[in-house]
Engineer: 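Once you've had a glance at the structure underneath, I'll fire off some questions.
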Protein chains: 2
Amino acid sequence: MNLLVRQKFTALKHSRILPLSFFSMKYSDLSAFPETKRKYIPTSGIYPKGFLVGSLHCGIKKNKNKDLTLILSTKPCTASAVFTKNQVVAAPVEIDRKLLNEIRELNKDHIRSIIVNSGVANSVTGELGYKNGKLMAEAADKYIDQFDSKTNRHIENNPEKLLSKSLIMSTGVIGQQLPIEKITTGVKQLEGKLGDSHAHWMEAAAGFMTTDTFPKIMSKEFELPSRKGKYRFCGIAKGAGMIHPNMATLLATVTTDASITQSLLDKALSYAADKSFNSITVDGDTSTNDTVAILANGLASTENSPWKISTEDQDFESFKTNLSDFMKDLAILVVRDGEGATKFIKINVQGAETVQQAHTVGMSIATSPLVKTAFYGMDANWGRILCAAGYSSAKINPQKIGLSLIPSDNSPPMELVKNGQPLPLDEDRALSILKLEDIGVEVTLGMGNESATVFTCDFSHEYITINGSYRS
Amino acid sequence: MNLLVRQKFTALKHSRILPLSFFSMKYSDLSAFPETKRKYIPTSGIYPKGFLVGSLHCGIKKNKNKDLTLILSTKPCTASAVFTKNQVVAAPVEIDRKLLNEIRELNKDHIRSIIVNSGVANSVTGELGYKNGKLMAEAADKYIDQFDSKTNRHIENNPEKLLSKSLIMSTGVIGQQLPIEKITTGVKQLEGKLGDSHAHWMEAAAGFMTTDTFPKIMSKEFELPSRKGKYRFCGIAKGAGMIHPNMATLLATVTTDASITQSLLDKALSYAADKSFNSITVDGDTSTNDTVAILANGLASTENSPWKISTEDQDFESFKTNLSDFMKDLAILVVRDGEGATKFIKINVQGAETVQQAHTVGMSIATSPLVKTAFYGMDANWGRILCAAGYSSAKINPQKIGLSLIPSDNSPPMELVKNGQPLPLDEDRALSILKLEDIGVEVTLGMGNESATVFTCDFSHEYITINGSYRS
């Protein structure tokens with residue numbers, strides 16, 4: 001349960017007393033978020049250099065909540081993204097995928113911004129949806145040109161200016177057209193609203209939210225073994241339902257001031273996505289919009305050096321591991337805010353022949369409505385866990401399977417099944433473990449030495465309430 | 001929507017005024033069943049000849065409901081069964097599968113009874129569970145011997161007497177041991193309680209129930225093209241949760257007085273299972289106990305003729321189609337009693353290249369929690385349907401997909417998406433369609449001429465309530 005414990009500390013370490021500046025930045029509505037979730041909302045952060053962010057309500061959401069966010073880098077970034085594997089993909093996914101592939105051919109840092117709207121997903125919107133997505137990117141590009149002109153930045157006149165400098169992301173209802181005028185007007189109104197303070201980043205994260213109950217944002221400082229100086233990550237994620245990423249959660253952005261080549265950034269992101277967003281599930285529904293994008297602008301303390309992570313050396317390994325751990329913590333925040341979630345469940349599958357086998361068994365358990373409702377009811381109905389392992393597409397040996405509950409209070413594991421045989425059940429102890437907010441499950445397959453960990457939440461009445469009336 | 005309409009008539013045709021004999025048989029608690037479900041409970045039936053059934057409370061269930069049922073044929077039957085594809089299988093599945101394979105080698109009618117308990121599934125119960133399953137079959141065999149001796153039937157002394165004459169089935173909580181003494185004592189107490197009246201069959205169906213809200217039983221008389229006389233089916237099913245059969249629902253038995261060879265019965269059952277129980281889902285969980293068994297004793301009006309369905313002629317085709325239609329109606333009853341269900345949803349996928357492709361897309365939609373909660377909320381959030389089609393493992397073409405709602409009041413279909421492009425949504429009309437208890441969804445893939453239909457229900461608050469506290 002090290003990760004559960006670590007996760008708590010990671011989330012708590014920024015939870016200091018609110019600084020005055022926080023309120024003075026008009027981000028004073030922490031009370032608007034559920035009391036049990038406030039511990040996951042940072043009250044300060046150390047953000048990557050050279051990024052400015054801003055957010056506002058442009059009129060998509062019926063309430064007055066923020067629904068448009070711009071993340072801007074003062075310098076072109078190496079960019080990479082992983083997308084949903086759903087065959088029905090939203091216009092932004094199509095547009096971003098094409099753009100990033102074209103940039104890969106240019107082999108040059110190019111992306112300057114990510115523009116994100118919430119409320120409408122721009123998915124299953126046909127040709128008009130595609131056109132609106134392009135207009136959204138164009139609006140962000142115009143903003144960048146004006147920003148550069150006002151800040152006396154050199155505007156290069158080279159072929160890649162024909163390619164958009166902006167990635168776009170949309171989240172919300174599927175099948176509705178983007179109110180594109182509201183978005184283009186909104187982008188113009190971001191003028192003067194961008195900044196790099198903690199409050200600015202918090203508002204940016206708030207602009208990503210749909211049914212999310214709290215803004216999901218993390219920041220982290222890290223070092224690389226062979227270099228002096230510090231590097232930073234900031235991650236924002238949104239997602240509460242339709243979460244069973246087959247690439248990513250609904251939307252997540254990671255910004256960093258590290259410097260890294262395109263091919264190694266692609267490699268690190270793919271590795272980290274598998275360990276993080278591809279290992280969580282809320283309801284088993286893979287969205288049409290899932291995107292995790294990373295921008296690396298290289299503006300860390302080593303900014304004036306031409307140095308880049310450009311070979312698979314110890315610096316790359318360290319960057320990759322740092323990114324993977326960071327994205328896992330970010331993905332866990334999404335599970336903690338799973339629609340209606342009351343429990344956080346970590347499922348660790350060990351003794352597999354391959355990582356894929358362990359992952360498949362874990363995901364089968366994590367998506368079972370019967371397992372998830374049993375955790376909601378704090379019912380030690382462990383037969384459902386074995387049942388879900390049994391119908392997974394991965395091969396298992398029922399005679400060798402073992403099952404334990406891992407208490408999150410660091411008390412000893414509670415063994416329930418050994419070599420396929422049930423052990424006597426101490427109901428009182430089981431209930432005391434299941435009453436905790438964080439619950440660990442360990443499945444041993446007895447077939448090999450590989451393992452995988454997946455994260456999920458329970459299925460509650462509130463999930464049904466939220467999703468029975470999402471559009472209304 | 002022909003099937004939806006037909007299903008209603010099928011269910012209603014036995015719903016006459018309750019005959020006095022029904023009450024005199026002490027089966028008077030129809031009021032114990034939900035008002036909205038009573039229309040699915042037959043008040044009379046025409047049952048296959050030569051079958052006797054009985055049911056009682058032997059003490060497994062905490063309440064006083066029936067938990068032990070015996071179905072007995074006065075003559076050895078040709079028997080066949082399909083089982084769960086879960087890798088973790090309950091002891092009864094293991095025992096029945098072995099027995100039926102041994103009987104197939106004997107190539108002789110042999111099975112006399114099915115003994116069924118509810119309350120404990122005898123799954124993940126190790127060696128003791130296997131032993132208890134054998135003892136349960138043995139208890140039923142002893143009952144048969146005594147029955148034969150009292151009714152002066154000839155007891156053959158031949159090798160197959162070493163094989164059990166009884167199939168066993170268990171349903172209920174996984175991971176608990178069968179209270180085997182209660183079951184063996186209970187079987188003895190069935191003495192004098194067996195009969196062939198409608199009330200006896202109703203009580204038998206009640207003995208199958210766990211979280212089911214009403215007994216699921218149907219009977220049907222049919223004819224064969226080249227033969228005189230009538231034949232009959234009786235089907236009993238149980239199942240309300242853990243329903244995503246990959247062979248069958250939790251438990252179903254079909255008895256018939258038709259006469260058919262082993263290999264053709266196997267063939268007909270496999271065909272019918274695919275069209276019925278393998279085309280329904282409640283919550284996506286494939287149980288460890290799923291079993292559909294059929295017994296054919298040949299005691300129809302042609303009883304004294306040595307005639308059997310023994311070639312793939314028009315009689316076989318007719319039997320197969322009759323069985324398939326009958327089992328589909330029975331499977332639909334399981335969906336109608338899906339845990340917490342308020343809506344019955346028929347999903348028809350057309351224009352596929354293969355039946356399997358259509359089935360896979362349909363099942364992906366039918367298992368999506370987001371689709372199911374939207375139906376519960378009567379929310380025309382159709383994007384979720386396309387999203388679920390898109391993440392199915394079957395290949396689709398998003399540019400060619402079409403989607404319509406098919407109203408169950410026989411008003412014209414409501415087209416929502418054509419060639420991947422959304423059409424304007426008339427919210428009022430959509431709501432009027434979604435308010436009906438039965439809802440049809442038609443998806444056109446535009447890729448070929450094959451189709452498949454699957455059946456599911458919605459996901460409600462009640463589902464969570466039931467499954468959060470099933471064991472308690």
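Sequence lines set the chain letters: A, B, ... in the order given, protein chains first and strands last, and positions in each chain run from 1. Here the structure is a predicted model, which is why all the values come from computation and not from measurement.
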Engineer: Assess whether atom NZ of B:K61 is packed by more than 12 heavy atoms of other residues, nucleotides or ligands within 6.0 Å.
Structural biologist: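 Yes, NZ of B:K61 has more than 12 neighbouring heavy atoms, counting only those of other groups under 6.0 Å.
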
Engineer: Nearest 0.5 Å, what's the CG-CE distance between A:L423 and A:M414?
Structural biologist: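 Interatomic distance, A:L423 CG to A:M414 CE, rounded to 0.5 Å: 9.5 Å.
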
Engineer: Where on B:A121 is there a heavy atom nearer than 4.5 Å to chain A: the side chain, the backbone, both, or neither?
Structural biologist: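 It is neither, since no heavy atom gets under 4.5 Å.
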
Engineer: Between atom CD1 of A:I365 and atom CZ of A:R384, what is the distance when rounded to the nearest 0.5 Å?
Structural biologist: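 A:I365 atom CD1 to A:R384 atom CZ measures 14.0 Å (nearest 0.5 Å).
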
Engineer: Counting only non-hydrogen atoms closer than 4.5 Å, does A:S123 touch chain B with its backbone (N, CA, C, O), its side chain (CB onward), both, or neither?
Structural biologist: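 Nothing of A:S123, per the 4.5 Å heavy-atom cut-off to chain B.
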
Engineer: What part of A:E127 lies closer than 4.5 angstrom to a heavy atom of chain B: side chain, backbone, both or neither?
Structural biologist: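 Answer is both: backbone and side chain atoms of A:E127 are under 4.5 Å from chain B.
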
Engineer: Could you give the distance from CD (B:E437) to CG (B:D458), rounded to the nearest 0.5 Å?
Structural biologist: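 B:E437 atom CD to B:D458 atom CG measures 9.5 Å (nearest 0.5 Å).
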
Engineer: Which one of A:G390, A:P398, A:A90 has the most heavy-atom pairs closer than 4.5 Å to chain B?
Structural biologist: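 Winner by heavy-atom pair count: A:G390.
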
